[in-house]
Amino acid sequence: MLLGVFCGLSAAILNSVGYIFSARFLLRYDSALRLVVAASLVMMFICLPFLPFLFPWAELQDRGEFLVMLLIWVASFWCGQGCFFMCLKYFNASCLSSFLGLKIVVLALIFLIFKHENPGMWQWIAVFLSAGAAVSFNWTGAEIGRPAGWFFLFVTLLCYSTCDIYETQMILRIMECGCSLTRASLTATAVVYSALGLVSLPFLFFLKMTKKQLVYASPYAVLWLGSQVMLFACFALLLPVFGNVILATRGIFSVLVGALLAAVGLSRFDSQISRSQWIKRGVAACAMTAAIAIYSFARAGILK
């Protein structure tokens, strides 16, 4: 379990650092869609050359089923991204980023309804505590009363949760071929982001993407790839619900990154917030830490 926690925390840290470079890109080009497409293409260029060496073509059973899982992942990702961009019409970006923490609850409900896996009382407490802490980071209260926005948010969370589930299934399927956890995580990352890049190719012409934009998106793309390798390993070891509880700590690291940026005079890469908001974020970060501890103790049987 400790290895899974380490992988999850590493993914959270890489996500938080990658945020700096995504903010830098958005300050220059002011287009979230352009960032996603540019990063997807860069990740494809990185991943494709490794596929012939990583993917266990000969050992893989039920190749058709694996392809279906990959197609569902790509479709869920793009549907989630589309709804995410629709959400931006109703919520500001920082607030929406916090709302994505509710994915933990959606995942737990999916496992309860479709797989009849009830996490248990203490684990439910940890799930809701983690989700509440994630939402409270940028909650102002003004977001209430936007039914269309909440609908698109729910679909976004559902699609992203589906991606998490199928990522885990693909890694486990690759590990059944005799691959180590490290190789399976690298392979799954290479497969899904190669496929995502191929699907993104038409946008290269639609958005008139330039080489300079691809270069500018590269640091974010590399950090995102690294975070996904660690996150996939975390999901394989701990399953998506606990993995997302740990991933919620990116809120803590984002607070630290924001404070560091302000300290070195680069606050333009982060939102300007008041002292009271910093205190609220600090309390939320402590709540996330408590949620991880509760879930870990419950999983280990210490809390019953």
Side-chain angles (χ1 to χ4, degrees), residues 4 7 11 36-37 39-84 103 106-117 154-206 221 224-244 247:
C7 291
V36 171
V37 172
S40 297
L41 293 172
V42 170
M43 290 187 286
M44 179 191 68
F45 295 143
I46 295 172
C47 292
L48 269 178
F50 292 100
L51 270 185
F53 306 100
L54 288 173
F55 199 86
W57 304 100
E59 295 83 2
L60 183 66
Q61 302 295 321
D62 299 322
R63 296 183 181 89
E65 185 179 346
F66 188 90
L67 178 61
V68 170
M69 289 192 289
L70 177 60
L71 292 175
I72 292 174
W73 185 93
V74 172
S76 298
F77 180 88
W78 274 111
C79 179
Q81 288 296 95
C83 289
F84 178 84
K103 184 176 68 169
V106 174
L107 272 167
L109 290 173
I110 288 175
F111 275 86
L112 176 63
I113 295 171
F114 295 101
K115 296 194 175 184
H116 307 290
E117 296 179 10
F154 172 74
V155 178
T156 300
L157 296 173
L158 188 61
C159 289
Y160 286 173
S161 297
T162 302
C163 286
D164 288 353
I165 292 170
Y166 279 95
E167 287 163 3
T168 305
Q169 292 301 313
M170 282 187 281
I171 292 173
L172 295 177
R173 186 61 59 85
I174 294 169
M175 290 180 70
E176 288 174 1
C177 299
C179 297
S180 66
L181 175 65
T182 301
R183 180 180 172 183
S185 300
L186 289 170
T187 303
T189 304
V191 168
V192 298
Y193 285 102
S194 293
L196 183 63
L198 291 172
V199 174
S200 303
L201 281 174
F203 289 94
L204 184 64
F205 306 100
F206 174 72
W224 180 262
L225 264 183
S227 72
Q228 293 305 287
V229 171
M230 301 306 292
L231 184 61
F232 286 9
C234 176
F235 285 168
L237 290 167
L238 303 178
L239 298 183
V241 176
F242 191 15
N244 273 281
L247 187 62

With Val106, which of Leu157, Val241, Thr162 fulfils side chain to side chain contact (heavy atoms under 4.5 Å, CB included)?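 Single pass found, and it is Leu157.
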
Can you confirm whether [X] sits close enough to [Y] that some side-chain heavy atom of one is under 4.5 Å from a side-chain heavy atom of the other?
{"X": "Leu60", "Y": "Phe55", "value": "yes"}
{"X": "Trp73", "Y": "Met170", "value": "yes"}
{"X": "Met230", "Y": "Phe235", "value": "no"}
{"X": "Glu167", "Y": "Cys163", "value": "yes"}
{"X": "Leu247", "Y": "Leu231", "value": "yes"}
{"X": "Val42", "Y": "Leu225", "value": "no"}
{"X": "Phe66", "Y": "Ile174", "value": "yes"}
{"X": "Tyr160", "Y": "Asp164", "value": "no"}

Quick one: do Phe232 and Val192 satisfy side chain to side chain contact (heavy atoms under 4.5 Å, CB included)? Show the steps, please. CA-CA 11 Å; Phe232 286 9; Val192 298; 4.0 Å; yes

Between [atom1] on residue [X] and [atom2] on residue [Y], distance to nearest 0.5 Å:
{"X": "Ser180", "Y": "Met175", "atom1": "OG", "atom2": "CE", "answer": "7.5 Å"}
{"X": "Asn244", "Y": "Leu239", "atom1": "CG", "atom2": "CG", "answer": "11.5 Å"}
{"X": "Leu41", "Y": "Ser200", "atom1": "CG", "atom2": "OG", "answer": "5.5 Å"}
{"X": "Glu176", "Y": "Glu59", "atom1": "CD", "atom2": "CD", "answer": "13.0 Å"}
{"X": "Met44", "Y": "Leu198", "atom1": "CE", "atom2": "CG", "answer": "5.5 Å"}
{"X": "Ile72", "Y": "Gln169", "atom1": "CD1", "atom2": "CD", "answer": "10.5 Å"}

Heavy atoms of other groups near Tyr166 OH, more than 12 under 6.0 Å: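 Open: at most 12 neighbouring heavy atoms sit under 6.0 Å from OH of Tyr166.
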
Measure the acute angle between the ring planes of Trp78 and Phe203, then classify it against the limits of 30° and 60° as parallel, tilted or perpendicular.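 Parallel.
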
Could you give me the CA-CA distance, side-chain angles and deciding distance for Phe50 and Thr187, then say whether side chain to side chain contact (heavy atoms under 4.5 Å, CB included) is met? CA-CA 8 Å; Phe50 292 100; Thr187 303; over 6 Å; no

Of all the heavy-atom pairs spanning [X] and [Y], show the shortest one and how long it is.
{"X": "Leu238", "Y": "Gly4", "result": "CD1-C, 3.5 Å"}
{"X": "Leu51", "Y": "Ala190", "result": "CD2-CB, 3.8 Å"}
{"X": "Leu196", "Y": "Ser40", "result": "CD2-OG, 3.6 Å"}
{"X": "Cys159", "Y": "Ser76", "result": "CB-O, 3.2 Å"}
{"X": "Cys47", "Y": "Thr189", "result": "SG-O, 4.1 Å"}
{"X": "Cys179", "Y": "Ala184", "result": "CB-N, 4.4 Å"}

Are any side-chain N or O atoms of [X] and backbone N or O atoms of [Y], one a donor and one an acceptor, separated by less than 3.5 Å?
{"X": "Arg183", "Y": "Leu54", "value": "yes"}
{"X": "Thr156", "Y": "Phe84", "value": "yes"}
{"X": "Arg63", "Y": "Trp57", "value": "yes"}

